[in-house]
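On a predicted model such as this, the values are computed, not experimentally measured, just so you know.
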Amino acid sequence: LVLFRVLDLPVRIRCLYELLTSCMSGGAPVEKARAFMLKPLAAWVLPSHVPRIVLLDMDVALLRAPHELWANFDRFGDALLGLAREQSTMYTQHTSLARAYNGGVQLLELARMR
């Protein structure tokens with residue numbers, strides 16, 4: 001269990017967090033937007049002894065063992081993050097995107113981000 005307080009973030013990161021949550025909610029930050037906007041700041045929220053994480057949205061269902069997803073870190077090279085390709089056409093059918101990525105499945109190299 002990691003206890004976290006926004007006030008514990010470095011000032012620059014806290015300012016970014018407040019800006020992101022404000023933009024996400026269209027004005028004053030709301031709690032739902034606040035929780036969502038912690039994802040891009042995981043490198044500064046989680047303890048420094050955590051070098052990498054697999055971040056999954058709560059509506060993601062794994063159809064294979066989690067270690068298979070974790071094994072993709074071996075392919076990263078200099079990359080900071082990896083995103084899964086979107087499996088649903090819901091996001092691409094109304095856009096000009098040839099393919100989309102699912103932000104609900106992220107592999108993050110936190111040590112490199114820091």
Side-chain angles (χ1 to χ4, degrees):
L1 176 65
V2 175
L3 300 177
F4 167 76
R5 293 179 335 134
V6 172
L7 293 175
D8 292 336
L9 287 171
V11 174
R12 292 180 316 165
I13 302 303
R14 189 170 59 227
C15 288
L16 177 59
Y17 170 76
E18 293 297 336
L19 178 64
L20 289 171
T21 55
S22 181
C23 291
M24 183 74 181
S25 62
V30 294
E31 292 308 311
K32 187 175 184 179
R34 286 184 176 280
F36 178 76
M37 292 316 302
L38 285 173
K39 288 169 56 174
L41 304 174
W44 296 275
V45 172
L46 294 173
S48 60
H49 67 272
V50 178
R52 54 174 54 158
I53 60 170
V54 172
L55 187 76
L56 302 173
D57 279 356
M58 59 192 300
D59 63 345
V60 171
L62 292 176
L63 301 178
R64 295 186 179 167
H67 75 272
E68 292 183 41
L69 185 57
W70 187 267
N72 283 287
F73 279 114
D74 294 338
R75 301 172 37 198
F76 264 41
D78 293 353
L80 296 177
L81 74 123
L83 298 174
R85 287 211 173 110
E86 181 57 60
Q87 301 297 307
S88 170
T89 59
M90 181 173 71
Y91 298 103
T92 56
Q93 66 185 349
H94 301 293
T95 70
S96 61
L97 295 173
R99 65 179 107 154
Y101 295 91
N102 187 335
V105 180
Q106 299 180 21
L107 284 74
L108 304 176
E109 278 286 358
L110 302 181
R112 287 191 197 136
M113 291 177 173
R114 292 181 186 115

Participant: What class does the angle between the rings of Phe73 and Phe76 fall in, given that below 30° is parallel, 30 to 60° is tilted and above 60° is perpendicular?
Facilitator: tilted

Participant: State the CD1-CG distance between Ile13 and Asp8, to the nearest 0.5 angstrom.
Facilitator: 13.5 Å

Participant: Same hydrophobic cluster for Leu46 and Leu55, using side-chain heavy-atom links shorter than 4.5 Å among ILVMFWY?
Facilitator: yes

Participant: Quick check: do Val105 and Leu69 have side-chain heavy atoms less than 4.5 Å from each other?
Facilitator: yes

Participant: Determine whether Asp74 and Asn72 make a side-chain contact, defined as any pair of heavy atoms from C-beta on separated by less than 4.5 Å.
Facilitator: no

Participant: Assigning hydrophobic clusters by single linkage (Ile, Leu, Val, Met, Phe, Trp, Tyr; side-chain heavy-atom cutoff under 4.5 Å), is Val60 placed with Trp70?
Facilitator: yes

Participant: Could you go through the side-chain contact (heavy atoms from CB on, under 4.5 Å) check for Asp78 and Arg112 one step at a time?
Facilitator: CA-CA 9 Å; Asp78 293 353; Arg112 287 191 197 136; 5.6 Å; no

Participant: To the nearest 0.5 Å, what is the distance between CZ (Arg12) and CH2 (Trp44)?
Facilitator: 8.5 Å

Participant: Using modelled atom types only, decide if a donor and an acceptor are shared between the side chain of Arg114 and the backbone of Ala43 within a distance under 3.5 Å.
Facilitator: yes

Participant: Which atoms form the tightest heavy-atom contact between Ala42 and Ile53, and what is the distance?
Facilitator: CB-CD1, 4.0 Å

Participant: Can you check whether Leu9 reaches Val45 side chain to side chain, under 4.5 Å on heavy atoms?
Facilitator: yes

Participant: Report yes if the side chains of Leu83 and Gln106 come closer than 4.5 Å at any heavy-atom pair, otherwise no.
Facilitator: yes

Participant: Can you tell if the side chain of Leu41 reaches within under 4.5 Å of the side chain of Leu16, non-hydrogen atoms only?
Facilitator: yes

Participant: Measure the shortest side-chain to side-chain distance between Leu81 and Leu107 over non-hydrogen atoms and say whether it is less than 4.5 angstrom.
Facilitator: no

